[in-house]
A.B. asks: 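Sharing a structure here in structure tokens format.
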Protein chains: 2
Amino acid sequence: MKRSLADKIEQYLKVLIDRSEENRIEIQRSELAETFSCVPSQVTYVISTRFTEQDGYITESRRGGKGYVRIARYNLPHDTENLNDLFYYSNYLTRNKLISSQENELLTYLLLHAFNQFPCETQEKIFEGIKTALNEYVKTESKGG
Amino acid sequence: MKRSLADKIEQYLKVLIDRSEENRIEIQRSELAETFSCVPSQVTYVISTRFTEQDGYITESRRGGKGYVRIARYNLPHDTENLNDLFYYSNYLTRNKLISSQENELLTYLLLHAFNQFPCETQEKIFEGIKTALNEYVKTESKGG
DNA sequence: CATCCTTTGACTTTGTTTGACTTTCATTTC
DNA sequence: GAAATGAAAGTCAAACAAAGTCAAAGGATG
């Protein structure tokens with residue numbers, strides 16, 4: 001099996017993602033092109049044919065000075081600090097009857113399903129926002145009734 | 001993550017705002033430019049591209065001696081289609097006993113409070129994600145028990 | 001040899017940095 | 001108090017830096 005340049009670049013990127021902390025990498029198209037001694041649009045080709053949403057990847061990019069291409073793999077279960085914090089917190093609130101187990105269930109479901117489309121960074125912020133709001137919610141509830 | 005000078009200045013300002021009491025800061029353009037060893041118009045560029053009203057910021061400034069630039073972050077009033085949809089949908093589910101009124105209450109609270117920090121566009125996406133997930137949640141619930 | 005995938009490069013678009021020039025305002029000077 | 005001065009901030013366009021697009025050419029594969 002002969003491997004094309006595109007295959008090699010694909011492999012290279014996937015290894016990088018495997019090794020990354022958050023299943024996401026950030027590269028510079030022109031830099032990578034230089035590494036593989038090819039034209040930059042070759043990289044674009046690889047990304048657009050092998051890192052599609054279908055394949056379980058989300059890509060973002062920015063042009064201009066200090067531009068980049070980000071590739072995130074999202075199929076794997078997200079296992080972020082903030083999310084675990086939130087599960088823990090939500091369960092804690094439930095045990096202490098500050099929220100009902102139904103509320104806990106809904107929240108858990110949403111956390112697992114509603115935000116997968118976003119890049120990790122955004123997810124973190126979302127979870128943070130929810131945590132803060134949840135905290136306020138509990139305080140308000142127990143005060144008001 | 002490669003960050004351009006503009007990114008760094010943006011970050012710097014946002015940290016300052018975070019640390020501020022009233023979500024507002026007052027800087028001197030030329031001073032900041034000096035801090036980052038760049039031309040003053042770079043600061044103008046950053047402010048005009050990253051602290052727009054869309055992004056949830058209001059800026060004021062004054063020229064001449066004792067000049068300043070003020071940046072204030074405000075909570076975006078979310079009054080989007082999707083949000084209203086979601087309220088409607090959530091209430092509908094409640095009336096039809098597909099979710100409890102407690103769940104409805106929690107959801108409503110989160111929708112109103114957890115995502116104000118995000119730009120409108122992101123909020124829209126968040127609401128969309130929540131709506132989809134909520135829909136699945138209800139289906140799953142009624143199926144499973 | 002026909003089709004599909006890959007490679008290449010010219011051109012476009014987007015985003016950043018810089019600097020020359022303009023406007024506005026407070027302060028000083030007459 | 002009006003005019004001059006200087007200290008800010010604003011404007012705008014050019015130069016630069018990166019990624020995207022697209023189509024043509026080149027190869028592999030059936």
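All chains are named by letter (A, B, ...) in the order of the sequence lines, taking the proteins before the strands, and each is independently numbered beginning at 1.
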A.B. asks: Of all nucleotides in DNA chain D that come within under 4.0 Å of a heavy atom of chain A, which is furthest toward the 5' end and which toward the 3' end?
C.D. replies: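 Counting from the 5' end, contacts occupy D:dA17 to D:dA28.
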A.B. asks: Write out all pairs satisfying ring pair (Phe, Tyr, Trp, His ring centres under 6.0 Å) with one or both partners inside residues 7-40 of chain A, taking only residues at least two apart or from two chains.
C.D. replies: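 Sorted pair list: A:Y12-A:F36.
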A.B. asks: Once ring pair (Phe, Tyr, Trp, His ring centres under 6.0 Å) is applied, do any residues pair with B:F51, and if so which ones, sequence neighbours excluded?
C.D. replies: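 B:F51 satisfies ring pair (Phe, Tyr, Trp, His ring centres under 6.0 Å) with B:Y57 only.
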A.B. asks: Partners of A:E31 by salt bridge (Lys or Arg N to Asp or Glu O under 4.0 Å), sequence neighbours excluded?
C.D. replies: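 A:E31 satisfies salt bridge (Lys or Arg N to Asp or Glu O under 4.0 Å) with B:K2 once adjacent residues are dropped.
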A.B. asks: So what does B:G65 hit on the nucleic acid, given a heavy-atom distance under 4.0 Å: a base, only sugar-phosphate, or nothing?
C.D. replies: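 Here B:G65 touches the bases of the nucleic acid.
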A.B. asks: Under the rule for ring pair (Phe, Tyr, Trp, His ring centres under 6.0 Å), what residues qualify as partners of A:Y92, not counting sequence neighbours?
C.D. replies: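 Partners of A:Y92 under the ring pair (Phe, Tyr, Trp, His ring centres under 6.0 Å) test: none.
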A.B. asks: For A:E60 and C:dT14, give me the distance from atom CD to atom P, rounded to whole Å.
C.D. replies: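 After rounding, the gap between these two atoms is 18 Å.
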A.B. asks: Rounding to an integer number of Å, can you tell me how far B:I47 CD1 sits from C:dG15 C1'?
C.D. replies: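 These atoms are roughly 18 Å apart.
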A.B. asks: CD of A:E10 versus P of C:dC5: gap in Å, rounded?
C.D. replies: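 Distance, rounded to whole Å: 14 Å.
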A.B. asks: So what does B:R62 hit on the nucleic acid, given a heavy-atom distance under 4.0 Å: a base, only sugar-phosphate, or nothing?
C.D. replies: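 The residue B:R62 makes sugar-phosphate contact but no base contact.
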A.B. asks: Find the distance B:R3:CZ to C:dG15:P and express it as a whole number of Å.
C.D. replies: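 Computing the B:R3:CZ to C:dG15:P distance gives 18 Å.
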A.B. asks: Mind calculating the distance between CZ (B:R29) and P (C:dT23) to the nearest angstrom?
C.D. replies: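 It works out to 15 Å between those atoms.
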A.B. asks: If two hydrophobic side chains count as joined below 4.5 Å and joins carry through other members, does B:L112 share a cluster with B:L86?
C.D. replies: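 Both belong to a single hydrophobic cluster.
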A.B. asks: What pairs of donor and acceptor atoms, side-chain ones from residues 62-70 of chain A against any protein atom, are under 3.5 angstrom apart with sequence neighbours left out?
C.D. replies:
from	atom 1	to	atom 2	distance (Å)
A:R62	NH1	B:D7	OD1	3.1
A:R62	NH2	B:D7	OD2	2.8
A:R70	NE	A:E26	OE1	2.9
A:R70	NH1	A:E60	OE1	3.3

A.B. asks: Side-chain polar contacts of residues 38-49 of chain A - donor-acceptor pairs under 3.5 angstrom, sequence neighbours left out - could you list them?
C.D. replies:
from	atom 1	to	atom 2	distance (Å)
A:T44	OG1	A:R29	NH1	2.8
A:S48	OG	A:T44	O	3.1
A:S48	OG	A:Y45	O	3.2
A:T49	OG1	A:Y45	O	2.8
A:T49	OG1	A:V46	O	3.3

A.B. asks: Nucleotides 17-22 of chain C: which of its N/O atoms have a protein N/O under 3.5 Å away?
C.D. replies:
from	atom 1	to	atom 2	distance (Å)
C:dT17	OP1	B:L5	N	3.0
C:dT17	OP2	B:A6	N	2.9
C:dT17	OP2	B:Q42	OE1	3.4
C:dT17	O5'	B:Q42	NE2	3.4
C:dG19	N7	B:S41	OG	3.3
C:dG19	O6	B:S41	OG	2.8

A.B. asks: Apply side-chain contact (heavy atoms from CB on, under 4.5 Å) to A:T52 and list each qualifying residue two or more places apart in sequence or on a separate chain.
C.D. replies: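 Counting only residues at least two positions away or on another chain, A:T52 forms a side-chain contact (heavy atoms from CB on, under 4.5 Å) with A:Q54, A:D55.
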